[in-house]
Amino acid sequence: MSQLSTRHLLGIKDITSEDIRLIFETADNFKEVLNRPIKKVPSLRDITIANIFFENSTRTRLSFELAEKRLSADVVNFSSSTSSVKKGETLTDTVNNILSMKVDMVVMRHSSPGAPHFLSKNISANIVNAGDGTHEHPTQALLDAFSIREKLGDVMGKKVAIIGDILHSRVALSNIFCLQKLGAEVMVCGPTTLIPKHIASLGVKVEMDVKKALQWCDVANILRIQLERQQIKYFPSLREYSLYFGVNKKMLDQLDKEIVIMHPGPINRGVELNSDVADSEHSIILQQVENGVAVRMAVLYLLAGVR
Ligand code: CP
């Protein structure tokens, strides 16, 4: 297979395991390019890409922009905080105005679940979801699984525990879909209040004891408490959360094996993860960020082939 089965990347739920494998094989090639003295290829020289971000981002936004520039695309950036959205312009009007400037692809982050799906039905450009509310963050899941494959040789048969605020996390849902499509076993772990009620119906194990989750897994993907999405109190205090669910070096030392530590960022150090783990030899957090550029190059390159 040399083409994706879709012309948009809206979520991992909508793509096949063959699509994911094709993205990984393409990312392997781009990772090699990124390690050369000249890190640029002409693959998207005639393509214009708009990065439109209605929500804050550091990693995803920079990573997409770098990926686009490494592929020689023309890039325009839009941030809602400095745009006419502040004057009441709708999402469709905003995007149609951007597209009338002959944009071929749109990378969009939005706080509303389904916003990129809505857009894909109304415009002809390829859409890449860079995170839609609490729904999906497909390129984060792809780079996470790519990093596991790189570190452990394969994702198939590996046990991955996703630990933290599962309820408000788009990273958790995309990771569950992606890891299962690649044959991994997935566990979610966190306080009862931060675990969605019916999550077991997705075929994941559910665990409330973080020490048991760490003992079970080969890889622990630790998630941030998403206070900005919490309208009510789900636990008494960050201090208490850290006491019961924070991962520290002492916990890893007590395991009878070595595990890989991941985090999509941004990290709240001392809350869900201590620095003695985040900066340890167990952590592949910065490798995840590095792999993000190659994986996003692969996604953009392959989507441009199904225009
Ligand atoms: N992992 C992630 O999506 O980070 P940003 O919010 O900084 O893009």
Side-chain angles (χ1 to χ4, degrees), residues 2-16 19-20 22-27 29-30 33-34 39-55 57 59-80 83 85 89-110 112 114-132 135-143 146 170 174 291-307:
S2 59
Q3 227 187 25
L4 293 177
S5 65
T6 173
R7 55 185 300 272
H8 305 293
L9 179 61
L10 302 177
I12 301 292
K13 191 167 191 240
D14 314 312
I15 65 173
T16 64
D19 287 328
I20 299 172
L22 177 61
I23 291 168
F24 286 2
E25 282 158 23
T26 311
N29 293 330
F30 284 130
V33 168
L34 292 174
K39 299 174 176 55
K40 208 161 171 161
V41 286
S43 314
L44 297 191
R45 204 164 42 195
D46 300 324
I47 301 285
T48 303
I49 305 177
N51 300 312
I52 60 174
F53 278 66
F54 293 85
E55 238 192 25
S57 170
R59 277 147 293 271
T60 311
R61 188 176 170 149
L62 283 176
S63 179
F64 267 113
E65 188 172 346
L66 207 52
E68 291 152 5
K69 288 180 171 167
R70 300 287 193 227
L71 290 165
S72 305
D74 290 320
V75 180
V76 285
N77 289 308
F78 163 93
S79 161
S80 62
S83 75
V85 169
E89 194 169 48
T90 65
L91 173 62
T92 310
D93 278 345
T94 301
V95 174
N96 276 334
N97 275 276
I98 293 170
L99 290 179
S100 65
M101 299 175 212
K102 306 277 181 275
V103 165
D104 303 295
M105 299 176 91
V106 173
V107 175
M108 185 172 81
R109 172 169 286 193
H110 201 282
S112 298
H117 304 68
F118 168 77
L119 209 59
S120 70
K121 291 182 176 55
N122 289 284
I123 65 172
S124 60
N126 305 90
I127 311 290
V128 183
N129 180 3
D132 60 329
H135 182 220
E136 279 225 41
H137 191 350
T139 56
Q140 181 67 48
L142 289 168
L143 75 89
F146 183 85
R170 52 193 173 211
S174 287
N291 287 334
V293 179
V295 167
R296 289 179 174 117
M297 284 173 81
V299 166
L300 296 165
Y301 171 77
L302 289 167
L303 287 177
V306 275
R307 304 205 61 246

Enquirer: Walk me through whether F30 and V293 qualify under side-chain contact (heavy atoms from CB on, under 4.5 Å).
Expert: CA-CA 9 Å; F30 284 130; V293 179; over 6 Å; no
Enquirer: Quick one: are L143 and R59 in side-chain contact, heavy atoms under 4.5 Å?
Expert: no
Enquirer: Donor-acceptor check, side chain of T48 to backbone of D104, threshold 3.5 angstrom: yes or no?
Expert: no
Enquirer: With a 4.5 Å limit on heavy-atom distance, are the side chains of R70 and L34 in contact?
Expert: yes
Enquirer: Please lay out, stage by stage, how F24 and L142 fare under the test side-chain contact (heavy atoms from CB on, under 4.5 Å).
Expert: CA-CA 8 Å; F24 286 2; L142 289 168; 4.2 Å; yes
Enquirer: How long is the span from the CZ atom in R45 to the CG atom in L71, to the nearest 0.5 Å?
Expert: 12.5 Å
Enquirer: Using atom types as modelled and distance alone, determine if a side-chain donor or acceptor of S120 lies under 3.5 Å from a backbone N or O of H117.
Expert: yes
Enquirer: So L4 and I15, do their side chains get closer than 4.5 Å, heavy atoms only?
Expert: no
Enquirer: Nearest 0.5 Å, please: how far is CZ in R61 from CG in N51?
Expert: 7.0 Å
Enquirer: With a 6.0 Å cut-off (strictly less than), is the heavy-atom count around NZ of K13, excluding the residue itself, greater than 12?
Expert: no
Enquirer: Please determine whether side-chain contact (heavy atoms from CB on, under 4.5 Å) holds for the pair L91 and M108, giving the CA-CA distance in whole Å, both sets of side-chain angles, and the decisive distance to 0.1 Å.
Expert: CA-CA 11 Å; L91 173 62; M108 185 172 81; 4.0 Å; yes
Enquirer: Going by atom types alone, do T16 and D19 pair a side-chain donor with an acceptor below 3.5 Å?
Expert: yes
Enquirer: Exactly one of V107, V76, T94, V95 should register a side chain to side chain contact (heavy atoms under 4.5 Å, CB included) with I52. Which one does?
Expert: V95
Enquirer: Atom OH in Y301, atom CD1 in I47: separation rounded to 0.5 Å?
Expert: 11.5 Å
Enquirer: Say whether E65 and N77, considering side chains only, have a donor N or O and an acceptor N or O under 3.5 Å apart.
Expert: yes
Enquirer: Taking all heavy atoms of M105 and all of L300, pick out the closest pair and write down the distance.
Expert: CE-O, 3.6 Å
Enquirer: Please round to the nearest 0.5 Å and tell me the distance separating atom CG of L10 and atom CG of L119.
Expert: 9.5 Å
Enquirer: I'd like to know if the side chain of D132 reaches the main chain of H110, judged simply by a donor and an acceptor atom lying under 3.5 Å from each other, with no hydrogens or angles considered.
Expert: no
Enquirer: Which atoms form the tightest heavy-atom contact between P42 and S72, and what is the distance?
Expert: CA-OG, 3.6 Å
Enquirer: Kindly give the heavy-atom pair with the smallest separation between V33 and K40, and that separation in Å.
Expert: CG1-N, 4.5 Å
Enquirer: Looking at every non-hydrogen atom in both residues, tell me the closest pair between A125 and H8 and how far apart they are.
Expert: O-CE1, 3.2 Å
Enquirer: Kindly give the heavy-atom pair with the smallest separation between P138 and S174, and that separation in Å.
Expert: N-OG, 3.6 Å
Enquirer: Might you point out which heavy atoms bring D93 and E89 nearest each other, and give the distance in Å?
Expert: CB-CG, 3.8 Å
Enquirer: With heavy-atom distances below 4.5 Å as the criterion, would you say the side chains of R170 and N129 are in contact?
Expert: no
Enquirer: Look up atom CE in M297 and atom OG in S63, then write down how far apart they are to the nearest 0.5 Å.
Expert: 10.5 Å
Enquirer: For F64, is the NZ or CZ atom of R296 found under 6.0 angstrom from the centre of its six-membered ring and inside 45 degrees of the ring axis?
Expert: yes
Enquirer: So, taking the atom named CD1 in I12 and the one named NE2 in H137, what distance separates them when rounded to the nearest 0.5 Å?
Expert: 10.5 Å
Enquirer: If we only count heavy atoms from C-beta on, is the I49 to V128 side-chain gap below 4.5 Å?
Expert: no
